[in-house]
Amino acid sequence: MNPSLMTRVRWGVADTLVMVGRNLLRYVRLPENIVNITVSPIMFLLLFTYVLGGAIRTSTPDYITFVLPGILVQTLLFGGFGTALGLAQDVQSGLFDRYRSLPMARSAVIVGRLIADLLANIFVAVLMISIGTLIGFRFGGSVLQSIGSPAVGILFALPAAAIFAAVGLTVRSVEAVNVIGFTLIFPITFVSSAFVPVESMPGWLQPVAEANPFTLAANVSRALALGQDPGGDLVGVLIWTAGLAAVGVPLAVRAYGRRN
Amino acid sequence: MTTGTAGPAILVRGLTKSFGNVVALRGVDLEVERGVVFGLLGPNGAGKTTLVRILTTLQRPTSGSATIVGLDVVRDASRLRRAIGVAGQSVAVDDQLTGLENLEVVGRFHHLGGAEAKRRARALIERFDLVEAAGRRAVTYSGGMRRRLDVAASLVGEPEVLFLDEPTTGLDPRSRLSLWVAIEELARSGTTVLLTTQYLEEADRLASRIAVVDHGQVIAEGTAAELKGRVGGSVLVVQVADRSRLDAAREVLGRYGANPHVDESTLDVSVPMSAGAGAIAEVVRALDAGDIAVSNLTLHQPSLDDVFFALTGHASEAETPDAGERGEK
């Protein structure tokens, strides 16, 4: 009577694809969703480049070359915020009660959401690099390095989104997600090498910024954009990504499936 | 799809559920035969929704057991989900999808395959009178249309047992009537339906058996006629003109029916009348003889409040805690 493992795997993949489609439709049909994920990163890019950039000394030829990878990685991390918001919305709308009463794979709801938001992140990355190019940004390395630069950010953002998803499913309120998101993401992304060189911070803050995994991600993305060898930092980012994924994805699936 | 297991559609034994200190269910026993519409009647906070959430695998019981078509709600949860359909208290409709897409997605999650999911979605759209709106996003639907779409979605899997949690709450009379007709059609096709409601009228019309739920317990069970019989056919309400005569009026009415109920705020005294309408003239004479001035006198069919008062000796709303009904959202 119970379906075989193969059947269950096939159903799980099918359920996930339906869920990806459903979530992508929500991006397409609610234009404000696209505006939400594109306007603020573009604004950040322009403000940092033209307002703050002149005052910040960096090792790169110009500030935009320094800051674009940083803003990009920050933007991609902020995407996880959207993942949590979307899930909290679905909980509040009662839609999750329907899904949870259906014979579908529990992981499909989470994984389908993560994949849809990953595709949205790729769209945002392409858009930001295009606009950056218009205002003077240039990749300095090979094609592979140029692709690798945003790819590191996209990869790093994925398990972070899973952790945000777990938070969103636990607090179950759009407003709470907003508060937690802003008080968490801003310090993490600003106390890092994303916008200014760590050496320019006060001495007591530098170790914090150095230990921040977000600094690693920004450093690797920037090194690849400049055509440099990211060295051991690349391994560090991959370890962090795998570690966060190993914690975040099961946490999120569990938070979704919980039925006390 | 049939699971081929024998026994009743729903069997609940000693089911309890607590949320911290709040006890939502304190030992529910229930047996629902296959192919009937069974009504769970009770006020807000009685525990109806908690019971439905446990029976549909959304929550785990604290103790006790429950099986649906022979499948345990905890151990066999994933198989059970293939045998049931649920339309919960809050409408679970995807606003950004069209009506048709909403139903197709549910069909895909039942693993029907694309063509079959489409076929069933179209058939349900027709059955629930949503053809003209089928291609529009659900966000544009009225409350009644959203509720119909929600019930349609619960039928995509062709369930053996369908759970409808207060399906007509908040609907206008016309939408309510059209949903009633749809539920009656379902009943004729042999689907077992468990329906929760706060309205005696609704349970009366749709359900062949009714369980009255209060404070997390089933306090009475039977057909609508049996339950009304326990109230006594109809209810006489006398509003006295002078507050000081309330007790005297209660004494007089007590001669014509059991347990007169005094409402001090409205100056109403109500009593179930077993003797029929002919006794009213006698009551009026007795009130007159007792020098009790009456400002209003009505005879009406028993309401949920009357059934409640007759069964529990307390009014349905005042003492019921709000907590626990929805459980943890």
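Reminder, nothing fancy here: chain letters follow the sequence lines and each chain counts from 1.
With respect to the salt-bridge test (charged N to carboxylate O, under 4.0 angstrom), the residues R26(A) and D95(B) do not qualify.
Put simply, the side chain of R81(B) never gets that close to the backbone of S101(A): no donor and acceptor are under 3.5 Å apart.
Contacts between residues 100-110 of chain B and chain A, counted as heavy-atom pairs separated by less than 4.5 Å, involve E101(B), V105(B), V106(B), R108(B), F109(B), H110(B). Heavy-atom proximity under 4.5 angstrom to chain B picks out nothing from residues 237-252 of chain A. Taking non-hydrogen atoms and a 4.5 Å limit, the residue list of residues 139-149 of chain B in contact with chain A is empty.
Contact annotation for Y99(A): only side-chain heavy atoms (C-beta onward) come within less than 4.5 Å of a heavy atom of chain B.
Across R29(A) and T98(B), no two heavy atoms sit closer than the pair NH1-N, 3.9 Å. Heavy-atom minimum distance, R98(A) versus A92(B): NH1-O, 3.3 Å.
In the displayed structure, E132(B) atom CD is contacted under 6.0 Å by at most 12 heavy atoms of other residues, nucleotides or ligands.
Contact check for R22(A) versus L97(B): side-chain heavy atoms found under the 4.5 Å cut-off.
When the options D94(B), V93(B), V91(B) are evaluated for a side chain to side chain contact (heavy atoms under 4.5 Å, CB included) with L95(A), the one that passes is D94(B).
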Contacts table for residues 65-73 of chain B: side-chain donor-acceptor under 3.5 angstrom, sequence neighbours left out:
{"residue": "D72(B)", "atom": "OD1", "partner": "V74(B)", "partner atom": "N", "Å": "2.8"}
{"residue": "D72(B)", "atom": "OD1", "partner": "R75(B)", "partner atom": "N", "Å": "3.0"}

